[in-house]
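Data block below; observations after.
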Amino acid sequence: MSERRFPDGFLWGAATATHQVEGGNVNDWSGWDETQAEGLAADAKNRLGHLPSWDYIQEEAQDPGNYVAGRAADHYHRYEADFDLLEELNLSALRVGIEWARIEPEPGVIDHRQLKHYRDVLESLHKRGITPLVTLHHFTNPQWFFDRDDWLAAEAPQRFADYAEVIARELGDLIPYWITINEPGSYVLMKYLGGDIWPAWPGARRNTKQALRAQKQMIKAHKLARARIKEHYPEAMTSMSHGVPVFEPRRRDPFSILAAKLVTFMGEERMMRALKGHEDFLSLHYYNRTWITSKFAPITQWYEHDDTGQQSDMGWGVYPQGIYEITQAAKKYNVPIIIAENGLPDGRDELREQFIHDHLYWLHRSIEDGADIRGYLHWSLLDNYEWSEGFWPKFGLAEVDRKTMKRRLRPSARAYGRIARANALTDAANDE
Ligand code: BGC
């Protein structure tokens with residue numbers, strides 16, 4: 001029997017994001033989701049009917065209630081019980097978020113009750129010996145920030161840095177790892193280039209100039225925020241979170257090869273290069289391989305999910321070797337790497353155990369080949385609100401019954417827990 005042992009102190013964990021699990025948020029998505037719900041439900045068959053999972057997902061996907069975040073997984077009130085799940089799985093890390101709109105509901109007005117809430121959350125993790133990684137911005141904005149031209153406003157980076165400073169001052173003693181902004185590449189694509197993507201995001205439009213400006217603003221925001229955090233805690237580990245699919249040309253024609261290179265560069269690669277020396281670690285997300293075909297059409301239409309081989313409920317193909325490829329490519333940045341998201345929507349829990357195993361196998365190979373990888377956080381701890389697809393995609397290690405809010409660990413979660421406890425992959429399947 002072969003054994004693939006991970007480095008001592010390797011962080012085994014799961015990830016969450018505020019708006020997807022907390023419930024009761026008031027931000028630029030809340031209210032807006034209600035205006036979209038009927039339309040998204042009515043159009044579900046058109047949009048999703050081709051998926052192999054359609055028979056299984058159709059009931060929820062055609063229910064307007066599926067598209068309204070509402071109470072989400074009520075994690076805001078049930079976080080202690082959720083942390084019990086982590087302990088049950090022997091996990092040593094959790095990615096949690098802080099919801100900017102809760103902390104600063106009006107410009108410059110800080111809600112101290114909410115700060116206390118997040119202090120309680122973080123203290124509870126520390127008491128349990130669980131390392132928190134804290135995201136400051138995960139796609140949602142306070143309504144006032146959105147209304148003031150969100151990331152395009154000249155003051156936007158400063159506004160974000162002021163908020164980061166509040167968190168550093170008030171909660172920084174509890175935060176070893178900071179994720180400033182989640183997947184700026186996805187945000188910019190969906191918001192500033194995704195005017196033709198359906199289902200859309202709030203404020204979606206198609207404007208390349210604005211997309212480039214928003215990227216620049218987010219880079220600036222990260223740098224300013226990092227400086228403020230470091231004033232209080234020089235040893236703080238900071239990163240943006242970078243979503244890095246493997247982009248491959250669908251056909252081997254020179255235009256598509258070039259298009260795949262362009263898309264790779266214009267996404268997170270550009271951000272990572274611009275932030276070289278300004279990130280203390282790299283928070284990377286890996287989900288799948290995406291095919292690129294160059295077309296005389298807007299860039300949003302160049303992307304196609306890999307549908308070869310096994311497909312998850314959203315039709316994404318499974319390509320574990322990609323986690324090796326993206327971590328090897330990130331070695332050049334010479335900072336530690338943490339996989340802060342990797343997972344799949346799989347409500348019947350048919351693929352997840354093997355998916356986790358195979359991704360960890362390739363992650364371990366990458367460590368052997370010199371990548372300094374310090375942790376793996378599975379997306380997600382709980383079934384949650386998957387943005388404009390709502391609740392039908394089930395990414396959770398734990399299933400959530402949205403009526404009773406009861407949690408139930410899926411069998412794959414227990415298998416993952418055994419790997420975490422052993423700090424190793426131990427079965428014969430590790431052999432090639
Ligand atoms: C995002 C998550 C999302 C996940 C699955 C990532 O891009 O950060 O919020 O739920 O992908 O789609």
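Read the numbers this way: they start at 1 and go in the same order the structure lists the ligands and their atoms.
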Should the ring pair Trp100 and Tyr163 be called parallel, tilted or perpendicular, given that the plane angle runs from 0 to 90° and is split at 30 and 60? parallel
So Phe6 and Trp12, would you call those rings parallel, tilted or perpendicular, with 30° and 60° as cut-offs? perpendicular
Just to check, does Tyr187 reach to within less than 4.0 Å of ligand 1 when the distance is taken from its heavy atoms? no
Taking only non-hydrogen atoms of Gln20 and a 4.0 Å limit, the atoms of ligand 1 in range are 2 (C), 3 (C), 9 (O), 10 (O)
Parallel, tilted or perpendicular: which fits the ring planes of Tyr385 and Phe391, with parallel below 30° and perpendicular above 60°? tilted
Atom pair CG (Leu136) and CE (Met240), whose distance is rounded to the nearest 0.5 Å: 11.5 Å
Would you please classify the geometry between the Tyr376 ring and the Tyr416 ring as parallel, tilted or perpendicular, with 30° and 60° separating the classes? perpendicular
Numbering as shown, the atoms of ligand 1 that approach His138 to under 4.0 Å (heavy-atom distance): 1 (C), 2 (C), 8 (O), 9 (O)
Tell me which protein heavy atom sits closest to atom 4 (C) of ligand 1, plus the residue, atom name and distance to 0.1 Å. Tyr287 OH, 3.4 Å
Min over Glu341, Glu389, Glu386 of heavy-atom distance to atom 11 (O) of ligand 1 lands on Glu341
Could you tell me which atoms of ligand 1, counted from 1 in the order shown, lie closer than 4.0 angstrom to a heavy atom of Asn182? 8 (O)
Please determine if Arg128 forms a cation-pi arrangement with Phe83, meaning its NZ or CZ atom is less than 6.0 Å from the six-membered ring centre and no more than 45° off the ring axis. no
At a 4.0 Å threshold, what atoms of ligand 1 neighbour a non-hydrogen atom of Glu183? 6 (C), 7 (O), 8 (O)
Just jot down the ligand 1 atoms closer than 4.0 angstrom to any heavy atom of Trp316, in number order. 12 (O)
